[in-house]
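A short worksheet on the structure shown next.
Fair warning: this is a prediction, and the values are worked out from it, not measured in the lab.
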Amino acid sequence: MEAKTVKYPVIRNYVAGQFVDTETANTLSVESPLTGEVLAEMSLSGAAALDTAVQAAKAAFPAWSATPIKERVQVFYRYKTLLEQHMAELAELVRQENGKTLDEARAEVEKAIELTEFACSLPQLVAGEVMEVSKGVECRIEKRPLGVVASIAPFNFPNMVPHWTIPNALVLGNCLILKPSELVPLSAMRIADLLKEAGLPDGVLNVVNGDKEIVEAICDHPAIQAVSFVGSTRIAQVVYRRATANLKRCVALGGAKNHLLVLPDAHADMTASNVAASMSGCAGQRCMAGSAMVAVGSVDHIISKLVEEARKIVPGQNLGSVISRQAKERIERYITEAEQAGATVLLDGRNPTVAGHENGYYVGPTVIDHVTPDMAIASEEVFGPVLAIMRTNTLEEALAIENASNYGNAAAVFTQSGGLARYVMENASAGMIGVNIGVPVPREPFSFGGWNESKFGACDITGKSSIEFWTQMKKVTTKWNPESRTNWMS
């Protein structure tokens, strides 16, 4: 059999500060969705490989957790500098394995830098509380790490999403097992490399590659105290149930169907450009994509401008690929089914040709009008550069559509009326709301997380809220002066 030519070395696990081989017959070819070419070969680890990584993390935890947080954070100051220095390389890795445009890949790494920067501020945010609660009696609260924790990351942001968890969890004193998506393992390897260069002690971060078997093993392993997950709602539910059934903390972020409510008084040019960018950015493969637009009243002039803006988005130029052939086929099937059900395809992105990348997995920007709420494309997560437009006469009808969604990640309203914007802010059933912003992602220190079936578990995954997830409180009450008068509190 002819050997495959691959661009990158074999993907290996990262355990106790070393890249190690995994003894398994199960292998996977990692493809670039840009071209369909094989980038690397990877072994799919099993439960035994996970246990090896967990034991390395357990061994590293006593020393790492005992290191003062002001010292732990110095690693991440150095790491932030390394991310900045290696920006071009890291962005190219994201582009190759995920299919983003280079600008989108750079933006992803820039967000990772911001997340790391926030982690560097944690010493100021987790200072213990102390109060004299009675004469001579003092109560103190300290935040302590949990121990060994795990992060299961998705394919759509191979650099950014691991940074939702790695900096905060580690600065707070935990040791972490990262399980990257088997579709995009290259970025995780480089992250581990750079953290070691920054001075992270061996065993504090470990990377285990695999598929469903590793996810199940993470949920079941008795030494793992907490699990974060980002992916589809169906798998998020499974992970949350399995992890919590094993008495672990879990926050599991799922899918989304984000509604963009467009009112007649909206600024036409700004709305059109924002909606087009929201539905097509990262090829629509993000849980904050605006995939459903609710046109309230007479907004045909805005829809016309939207289609004009969407035509400027060209596959292979300013629009990247989707992750796989299966994803391309699924997305285009949604478009075809909506058209057959009576919707009007204003801009058709099916089967584009990208010169030089004929074997890549591309879907062009697609705008579909006169979608009805009963169509699959109106309620299910398509995860591609596709916008479904539904029509209503009133804002109340539009909000009823938004509220009926099982998801609750984000919603946005486009209007020049402060009163109507406030009405949507108060009544939309979503955890993140935008006003004249198509992708209302909070910036640090504000946390990321949705409602309903877009998130399972307490706390958000980033920002200040994540501190509570990655730590436990220790309460200490002390008294040293027996001569003080006592009462019921002392």
Does this structure show an ion pair linking [X] with [Y], if we count only N-O contacts that are shorter than 4.0 Å?
| X | Y | value |
| --- | --- | --- |
| K328 | E332 | yes |
| K464 | E444 | no |
| E138 | R140 | yes |
| D103 | R106 | no |
| E84 | K80 | yes |
| K257 | E380 | no |

Between H163 and Y79 (judged by ring centroids, cut-off 6.0 Å), do the two rings come close enough to count as a pair?
yes

Could you please spell out the steps behind the side chain to side chain contact (heavy atoms under 4.5 Å, CB included) verdict for N168 and F118?
CA-CA 8 Å; N168 289 2; F118 173 74; 3.8 Å; yes

I'd like to know if the side chain of [X] and the backbone of [Y] have a donor-acceptor N/O pair within less than 3.5 Å.
| X | Y | result |
| --- | --- | --- |
| E108 | V94 | no |
| N98 | F155 | yes |
| K248 | H221 | yes |
| N409 | C287 | yes |
| S324 | A327 | yes |
| N13 | V20 | no |
| R249 | V227 | no |
| N258 | A289 | yes |
| R72 | S65 | yes |
| N174 | W470 | yes |

Got [X] and [Y] here, is their nearest side-chain heavy-atom distance under 4.5 Å?
| X | Y | value |
| --- | --- | --- |
| V439 | R286 | yes |
| T478 | V137 | no |
| F448 | L253 | yes |
| L319 | Y362 | no |
| V322 | P33 | no |
| V15 | F19 | no |
| P123 | I69 | yes |
| L260 | S278 | yes |

How far does [atom1] of [X] sit from [atom2] of [Y], to the nearest 0.5 angstrom?
| X | Y | atom1 | atom2 | result |
| --- | --- | --- | --- | --- |
| L93 | R95 | CG | CZ | 11.0 Å |
| C282 | K100 | SG | NZ | 4.5 Å |
| E114 | T462 | CD | OG1 | 9.5 Å |
| L205 | L176 | CG | CG | 6.0 Å |
| Q96 | L186 | CD | CG | 9.0 Å |
| W64 | E71 | CH2 | CD | 9.5 Å |

E182, M42, R12 screened by side chain to side chain contact (heavy atoms under 4.5 Å, CB included) with N209, the one that passes:
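Output: one option passes, namely M42.
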
Pick out which of Q225, K58, Q55 makes a side chain to side chain contact (heavy atoms under 4.5 Å, CB included) with V148.
K58

By side-chain hydrogen bond (donor to acceptor under 3.5 Å, both in side chains) - contacts of R234 (at least two apart):
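For R234 there are no side-chain hydrogen bond (donor to acceptor under 3.5 Å, both in side chains) partners, ignoring immediate neighbours.
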
If you count heavy atoms of other groups shown closer than 6.0 angstrom to CZ of R325, is the number above 12?
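No, not enclosed.
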
Using a 6.0 Å cut-off, check whether atom NZ of K196 has over 12 heavy atoms from anything other than its own residue.
yes

Residues T27 and E41: side-chain donor-acceptor under 3.5 angstrom:
no

Going by atom types only, do T22 and S43 share a side-chain donor-acceptor pair under 3.5 Å?
no

What's the shortest heavy-atom distance between [X] and [Y], and which atoms?
| X | Y | answer |
| --- | --- | --- |
| S454 | Y407 | OG-CB, 3.5 Å |
| G203 | C175 | O-CB, 4.1 Å |
| A411 | P440 | O-CG, 4.2 Å |
| L82 | A198 | CD1-N, 3.8 Å |
| F229 | G231 | CE2-N, 3.4 Å |
| V109 | A91 | CG2-N, 3.9 Å |

Verdict with reasoning, T233 to F456, per side chain to side chain contact (heavy atoms under 4.5 Å, CB included):
CA-CA 9 Å; T233 286; F456 304 92; 4.1 Å; yes

Within 45° of the axis and under 6.0 Å from the centre of the six-membered ring of F157, does NZ or CZ of K111 qualify?
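Here K111 fails the 6.0 Å and 45° test against F157.
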
Side chain to side chain donor-acceptor pair (under 3.5 Å), that's the test. Do E97 and S187 meet it? Break it down for me.
CA-CA 8 Å; E97 65 181 346; S187 292; 2.6 Å; yes

Show the numbers, then the answer: is there a side chain to side chain contact (heavy atoms under 4.5 Å, CB included) between V230 and I152?
CA-CA 7 Å; V230 181; I152 303 168; over 6 Å; no

Which is it for S465 and D460 under the side chain to side chain donor-acceptor pair (under 3.5 Å) test, yes or no, and what are the steps along the way?
CA-CA 5 Å; S465 179; D460 283 340; 4.6 Å; no

Could you give me the CA-CA distance, side-chain angles and deciding distance for M160 and L115, then say whether side chain to side chain contact (heavy atoms under 4.5 Å, CB included) is met?
CA-CA 8 Å; M160 181 191 77; L115 290 158; 4.0 Å; yes

Those residues that, when tested against N274, pass side chain to side chain contact (heavy atoms under 4.5 Å, CB included) (two or more places apart):
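Scan of N274 (side chain to side chain contact (heavy atoms under 4.5 Å, CB included), adjacent residues dropped) gives M270, F414.
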
Before you tell me yes or no, could you show the steps for K143 and E468 under salt bridge (charged side-chain N to carboxylate O under 4.0 Å, His left out), namely the whole-Å CA-CA distance, both residues' side-chain angles and the distance that decides it to 0.1 Å?
CA-CA 8 Å; K143 294 186 184 297; E468 300 303 318; 2.9 Å; yes

Would you please test E31 and Y361 for side chain to side chain donor-acceptor pair (under 3.5 Å) and show each step?
CA-CA 11 Å; E31 294 184 351; Y361 312 128; 2.9 Å; yes

